[in-house]
Amino acid sequence: MAKETTRRARPKKIHRVQISFNVLAQIILILFLAAMVNSIAFRHYKRWDFSRDQKYALSDKTKRFLRTIKGKMHITVFFSPNTPISADVQNLLTEYQYAGKGKIDIEHIDPERNLSRAKEMFDKYKIVSDESLLVIDYEGRNKTVKASEMAEVDQSGMALGEGPRVVAFKGEQAITSAMIDLVEGKKNILGYVLGHKEPPLSGNSPVSVLKTFIEGENIKFQELNLFDVGAIPAELKTVMIIGPQYDFSDREMQLLRDFWNKQGRILVLLDPAAKTPKLDAFLNELGVKVNDDRLMVFLRTGIQELALTRDVQAHFLGDSPITKRLADVRALFFGGTSSLTLEPDRVRAANIRLEPLIQAEKGYFAETDYNSDDQAKLQADANRNSGAPPMISAAIEKGGSADERVQVNSSRLVVVSNATFIQDKALTQDQQSLDFISGSVNWLLSREQLIGIAPKIPRPLTFTLDENGLRSLRWMILVLMPLIPAVIGSVVWWQRRV
């Protein structure tokens with residue numbers, strides 16, 4: 001009986017061949033899973049830019065543009081290693097290559113080491129400059145982007161032995177602009193109306209920043225004086241009217257109406273201080289009434305002190321493709337700004353749709369007696385203002401579709417009741433105003449895919465400490481930091497002693 005029990009308790013013998021096959025199968029399975037994970041990660045991965053200024057993160061505008069590219073784009077980089085922005089450009093082009101999803105090829109050539117290849121490409125693209133640059137080639141067309149166009153460099157410290165310092169990196173703006181030029185080929189022409197004391201485009205122009213910014217999107221300005229033409233030229237799909245100081249004549253208004261009726265596109269920035277009844281009447285026909293008032297707000301400057309300001313802080317509404325990516329972003333509109341009354345029901349029968357774009361912040365009121373200095377009266381008018389905040393911009397479309405996915409030929413117009421917010425002296429580094437005008441122009445040109453927010457200009461990291469902050473920092477350096485290792489050392493010494 002005891003022998004039978006012992007025989008039953010003996011473990012069953014496992015053959016070594018079976019163990020080998022099990023181990024081999026596990027190894028093969030692990031290698032297969034590792035290969036599958038790496039393959040999936042190689043094709044489907046996500047990149048993040050954790051840099052403080054998001055210097056390498058591409059804007060939505062660039063990403064949407066890259067998705068529209070049909071052919072292959074080749075970028076040849078001729079950058080010397082000692083160029084201050086060499087690493088920045090290389091990292092940025094990596095983001096382009098990733099966002100392009102196989103549509104962008106990049107070749108880096110060091111002109112100082114690979115002389116034969118550099119000479120070959122120099123001859124191909126007819127390059128005569130010795131400056132670091134890159135060449136973008138698309139379907140037989142090519143464009144050069146120089147290092148000086150991609151950065152603002154401060155060289156004032158070189159006299160003291162310091163190297164050049166990059167003040168602002170503008171690589172994405174320069175590269176995307178060059179890509180748009182190549183893909184679209186022919187530049188879009190924007191008619192700039194003159195003859196009513198509008199800001200000039202040449203010379204000491206107050207809109208030079210705006211002009212440079214818009215021209216960087218493959219758009220060319222062409223001066224247009226309606227007195228000199230029998231009709232608005234056919235090559236002009238969009239005209240821009242900025243702050244006319246005098247009203248248009250009947251003949252000029254007829255030219256604008258004919259242009260509008262032929263699916264023309266118009267951008268109008270009004271100066272409330274100028275009297276333009278005929279231009280206002282044209283807008284009124286389209287359902288937008290320009291009111292004879294000024295937006296104001298009382299701001300508390302003390303316990304019982306109020307200050308009146310006419311500079312308008314407003315926010316962009318996100319219902320329109322123009323401002324969708326600027327939704328709830330705040331901007332300042334300096335100088336006088338009047339209110340707009342939108343009457344969509346009145347023009348709906350004419351197949352005209354109105355879309356509000358910019359709304360003043362809560363607390364602003366529209367004052368009709370805007371030349372008055374009677375503070376008590378103005379405060380009383382402000383207290384009576386209980387309605388919705390006034391509108392200062394709107395988009396008008398005739399014959400279009402409410403569905404953004406449906407592209408239908410239509411007449412389009414954007415109106416803003418302020419003409420100074422895009423002047424050089426009013427533009428801020430955050431570029432909200434430029435982004436809005438860029439979005440408006442691209443919407444008018446039916447280039448909705450190019451509407452986006454421009455990348456931020458890098459800003460240096462600075463710390464500002466008041467007296468209390470300096471006092472706290474002094475205690476941390478002189479007391480807290482030496483105290484921590486002293487406490488740790490005392491604990492270790494006590495444990496060893498015990």
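Throughout, numbering of the chain's residues begins at 1 and tracks the sequence. All of these numbers come straight from a predicted model, not from anything done at the bench.
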* Taking the six-membered ring for Trp, are H196 and F248 ring centroids under 6.0 Å apart? -> yes
* Asked: Near K72 NZ, under 6.0 Å, is it more than 12 heavy atoms from other residues, nucleotides or ligands?
  -> yes
* Determine, step by step, whether N291 and T341 satisfy the side-chain hydrogen bond (donor to acceptor under 3.5 Å, both in side chains) criterion, reporting the C-alpha distance in whole Å, the side-chain angles of both residues, the deciding distance to 0.1 Å, and the verdict. => CA-CA 7 Å; N291 299 312; T341 301; 2.9 Å; yes
* Asked: Which of parallel (below 30°), tilted (30 to 60°) and perpendicular (above 60°) describes F298 and F365?
  -> parallel
* Would D250 and Q254 count as having a side-chain donor-acceptor pair, cut-off 3.5 Å? -> no
* Structure fact -> From the list L190, V239, L236, side-chain contact (heavy atoms from CB on, under 4.5 Å) with Q222 holds only for L236
* **Partner of E367 under salt bridge (Lys or Arg N to Asp or Glu O under 4.0 Å), chosen from R310, K377, R384** => K377
* Structure fact -> The single option from E107, M179, Q97 that satisfies side-chain contact (heavy atoms from CB on, under 4.5 Å) with I75 is M179
* Any side-chain heavy-atom pair from R265 and L445 closer than 4.5 angstrom? -> no
* Over all heavy atoms of both residues, which pair between D292 and Y370 is shortest? Give the atoms and the distance, please. => OD1-OH, 2.8 Å
* To do: Measure the shortest side-chain to side-chain distance between L357 and F436 over non-hydrogen atoms and say whether it is less than 4.5 angstrom.
  => yes
* Where do I136 and M73 land on the side-chain contact (heavy atoms from CB on, under 4.5 Å) test, with the steps shown first? -> CA-CA 7 Å; I136 306 175; M73 186 171 287; 3.6 Å; yes
* **Trace of the side-chain contact (heavy atoms from CB on, under 4.5 Å) decision for F213 with I437** => CA-CA 10 Å; F213 188 80; I437 293 297; over 6 Å; no
* Determine whether L279 and P244 make a side-chain contact, defined as any pair of heavy atoms from C-beta on separated by less than 4.5 Å. => yes
* Does CG belonging to D373 count more than 12 external heavy atoms closer than 6.0 Å? -> no
* Asked: Does the side chain of D271 come within less than 4.5 Å of T276's, by heavy atoms?
  -> no
* To do: Compare every heavy atom of G336 with every heavy atom of N418, then report the nearest pair and how far apart it is.
  => ND2-O, 3.4 Å
* Flag if over 12 foreign heavy atoms under 6.0 Å of NZ, K197 -> no
* Asked: Would you say D293's side chain and S339's backbone share a donor-acceptor pair under 3.5 angstrom?
  -> yes
* Asked: Under 6.0 Å from the six-membered ring centre of F259 and within 45° of its axis: does the NZ or CZ of K262 meet both?
  -> no
